[in-house]
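A short write-up of the structure that comes next.
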Amino acid sequence: MFNPTDPIVTKRMSFEDSYTLSRFLATGGYEGLKKALSMSREQVQEEVMKASLLGRGGAGFPAGRKWSMLRKAPTSYLVVNGDESEPATFKDHLLIEKDPHQLIEGTIIAAYALGVTQAFIFVRGEFALGFERLTAACNEAYAHNAVGKNIFGSDFSVDLVIHPGAGAYICGEETSLIESLEGKRGYPRIKPPYFPAVMGLYNEPTVVNNVETMSNLPWILQHGGDAFAALGQGSSTGTRLFALSGRVKRPGWYELEMSKTTFRDLIYDKNLGQGIIGDKKIKAFIPGGVSAPWFFEEHLDMGLDQDAVAKAGSMLGSGSVVVMDETTCVVRASWRITKFFHRESCGQCTPCREGSGWLEKILRRIEEGSGRIEDLDLLMDVCDSIAPGVSWPPQQTTICVLGPSIPSSIASAIRNCRDEFLEHIKLGHCPFEKDHILAGAHS
Amino acid sequence: MTEKDNYLAKILERKQPSDDGGFSEEGLERAKALISLYPKKRSALIPLCHLAQGEHGWLTERSMEEIAELLEISVAEVSGTASFYDMLHLEPVGNYVISVCTNIACMLGGAYELLESIEERLGISVGQTTLDMQFTLEEAECLGACDTAPCLQVNSRFFGNLDAVAFDKLVTDLASGALAGVVPPHGVLSRVQRVFSLMSGEQGEAAASNTDETLGQK
Ligand SMILES: Cc1cc2nc3c(=O)[nH]c(=O)nc-3n(C[C@H](O)[C@H](O)[C@H](O)COP(=O)(O)O)c2cc1C
Ligand code: SF4
Ligand code: FES
C-alpha cells in the first residue's frame, strides 16, 4: 500500500496555514513550474505523457493525450474544472481550499505546455471559502511573478482568472461549464461539433482539465513522469485522492497509490476507513460517484484500478466511495440518487428530463409502500428508454452523459437486491426504520 | 404590528430598497474591474450577479438592469441566465440562507432526521423564510463535504456532523451575532478582490493580503 507519509497532492494538508504562499514556498512550491520553464513546451508535454496521468474528473482520459490532440491547432484557452458536485465527491474541494497555490502552479505548467495565454479556474460557487482563498492566492502568485507577465524571468506570460459558479451540478460537464463561463445557462452543447478541443470557449480550441489533474503536475515536473508512472499499475499510475463516505467509522479523504490498494483496504483498514459503523455487514458500495453502477461484497478485493473497475461493469469515476450497510434501504438510496438527477437535469433532452422524474416517482411510491409488482419491470422499462439496453457503459441518446447515468444505480440495485424491492411491495411499507421521514416529504 | 405585518413590511423593504436596489459606487467600480478580466464581457455575468447579491442579499430588478447595461445584453438575458442557478436569488431571502444537504452520504448519516428537526426548530418548511426574515431554509444537493455528514451551509459556510442539539446552538449563535466573523452576510463570493490583471496591462498596488482573518477559519 502507498506509504501515506509520501503523498503527491496532499503533502501540505496537515499544516494549519497550508493555503498561504509562505508555507507553499517553504515546502517546495513553484519549483515544478521553474523546472518546466527551463524546458521546452514539448519536453513538458513529454513528461506528462510519460507519467500517463489519467484525468481525475470522472472520464479518466490521459491528460498527455488530450493535450497532444491539440498540438496542431494552437490552443486558445485552458479551463480548469473545479465545479465538483458529483454526490459524495469532496477531493477538489480540499485541494482548492487547502492548497490553492499547488493548483495554480499546476495550471500555469499546463498553460505553458499548451502555449495558452489565458487560463481560467472555474470554482463551484458553494465553495465560498475556497474561492476566496484561491483568489487571494492568485493575487499572491501575481505578486510573486508566478503568474502574469514574463513568469520567473522567462518569456512566457499567462493571465489567470478565478471564476465562480453559481450552483448547478450540470456545469461540471465540460461544455456546460464553457457555456456558464460565457455567461449563459449551463446547457451542455452537442458533440460534434462542439468538442472543446475544436470549438470550446468562445468557439476556440480549449482544454478542460480537472483540479486534481492539475494539482499532480508540480510533482510530475519535479520528480519526472517516470517516477509517477512507477507508482500504481498498468494504465492506473500515480496516486489518487479517494473520498470515502457513508456508513464507515472514519469517512474522509485518502491519497492512495492506484491499483495497489483494494476497496477492502479503503473501507476496513485501521489507517483508512476502519470498517463499518457498529461492525455491521456491508450491503453495497458505490465505487466512483453516484453515476457509477454499485458494487457488492464480492468486489471488495478488487484494486482501486480504473481498468479493473471498468471490466467489472462500473467506473472509478470521481474517486468517491460510498458505503451502504445492512441497515441501509436500497430503495431509499436509489430513490435519493434519482431525485438528485431529476433535480439537476438541465431539461434539454426528453429521456433525461422526463425519465428521471418518472423513475423518482415510481421509486418513491415503492419506498412509501404503494408499489406494485409491475413497478420493477416498469422501472427497467423507463431505464431502457433513457439508455437503451441498460448496459455498461450506457448507450447515449442524449446531449450529455448525465442522462444515461441515471439508470446506473437503479439497474444495479434492482438486479442485485430484487428481494428487497419485492419485500417493500409485499409488506406495503419499508422494512427499515426511519422510513416515516420520507412520507413527510421534502421534494 | 403583528408578526405577519412585520414580515410583509420587511419583504416590501427588501423589494423596494431605499437606495433603488442598484450597485453602490464601490460596487460599480468592482463590476467594471471584473468585466475587464474577461476576453468577452458577457463572461462576467455570474460574477456580477454574485456582486449584486452581495450588496442586497438577492438580485434586485434594478441590479439586473444595471448588469444588462454594463454587459450590453438584455435584461431578459440576465434574468433568464440567473434563474438557471440555485445560488442566485430572484426573490428576497432571509439574512441567513441555510442549505441542508440530504444527498446520499448525508442521508446515510441522518440528514432527513436532521432536516425534520430543523423545520421544527425554525417553524418553517423547506423553501420558506422565517417571519423575522432571519432564516431561509433550503434542501441542498451534495455540498462536497460528505465526510462531515450530515452537513449544511449557512450563507455558503460549512457546518458538519450536526444533530438537533448542535443545530439549536448554531441558530442561537447566529441570532446573537456570535458567528458574525465566520458567516458573512450573503455576499460571500466577493470579499477578496482581484488586484492584478494582465489583460488590462496594469499591476495592482499590492496583492490583497492573504492574512485576511476571515480566510483562516476551518
Ligand atoms: C454530468 C457531468 C458532470 C461532471 N462533473 C464534473 C466535475 O464536477 N468536475 C470535473 O472535473 N469533471 C466533471 N465532469 C467531466 C468533465 O466533463 C470533463 O471530462 C473533465 O473535467 C475533464 O478533466 P480531466 O480530463 O482532467 O478529468 C462531468 C461530466 C458530466 C457528464
Ligand atoms: S442529458 Fe440531461 S443534463 Fe445532459 S443535456 Fe440532456 S437533459 Fe441536459
Ligand atoms: S452528500 Fe451531503 S455533502 Fe456530500
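Atom set for the values below is all heavy atoms of this structure, side chains included, hydrogens, waters and symmetry mates excluded. Below, chain A is the first sequence line, B the second, and so on; all start at residue 1. Please read these numbers as outputs of a predicted model, since none were measured by experiment.
Looking only at distances, no side-chain donor or acceptor of B:R42 sits under 3.5 Å from a matching main-chain atom of A:K184. Proximity of a side-chain donor or acceptor of B:Q153 to a complementary backbone N or O of A:E126 within less than 3.5 Å is detected.
Using bins of under 30°, 30° to 60° and over 60° for the plane-to-plane angle, the ring pair B:F84/A:Y187 lands in the perpendicular bin. Using the six-membered ring where Trp is involved, A:F127 and B:F158 have ring planes that are tilted, between 30° and 60° apart.
In this structure, the portion of A:T89 lying under 4.5 Å from any heavy atom of chain B is its backbone and not its side chain. Proximity to chain B (any heavy atom under 4.5 Å) is restricted, for A:V323, to the backbone atoms N, CA, C and O. Neither the backbone nor the side chain of A:C329 comes within less than 4.5 Å of any heavy atom of chain B. At a 4.5 Å heavy-atom cutoff, A:E84 makes no contact with chain B through either its backbone or its side chain. Of the two parts of A:R250, neither the backbone nor the side chain holds a non-hydrogen atom closer than 4.5 Å to a non-hydrogen atom of chain B. The contact between A:S180 and chain B is made by backbone and side chain atoms together, counting heavy-atom distances below 4.5 Å. Heavy atoms of A:V161 lying under 4.5 Å from chain B belong to its backbone as well as its side chain. Contacts between A:H144 and chain B at a heavy-atom distance below 4.5 Å are absent for every atom of the residue. With a threshold of 4.5 angstrom between heavy atoms, A:E86 approaches chain B through N, CA, C or O but not through any side-chain atom. With a 4.5 Å cut-off on non-hydrogen atoms, A:Y169 does not touch chain B at all. Residue A:L160 touches chain B through its backbone alone, counting heavy-atom pairs closer than 4.5 Å.
When each of B:A105, B:C49, B:G80 is scored by its heavy-atom pairs under 4.5 Å with chain A, the top score falls to B:G80.
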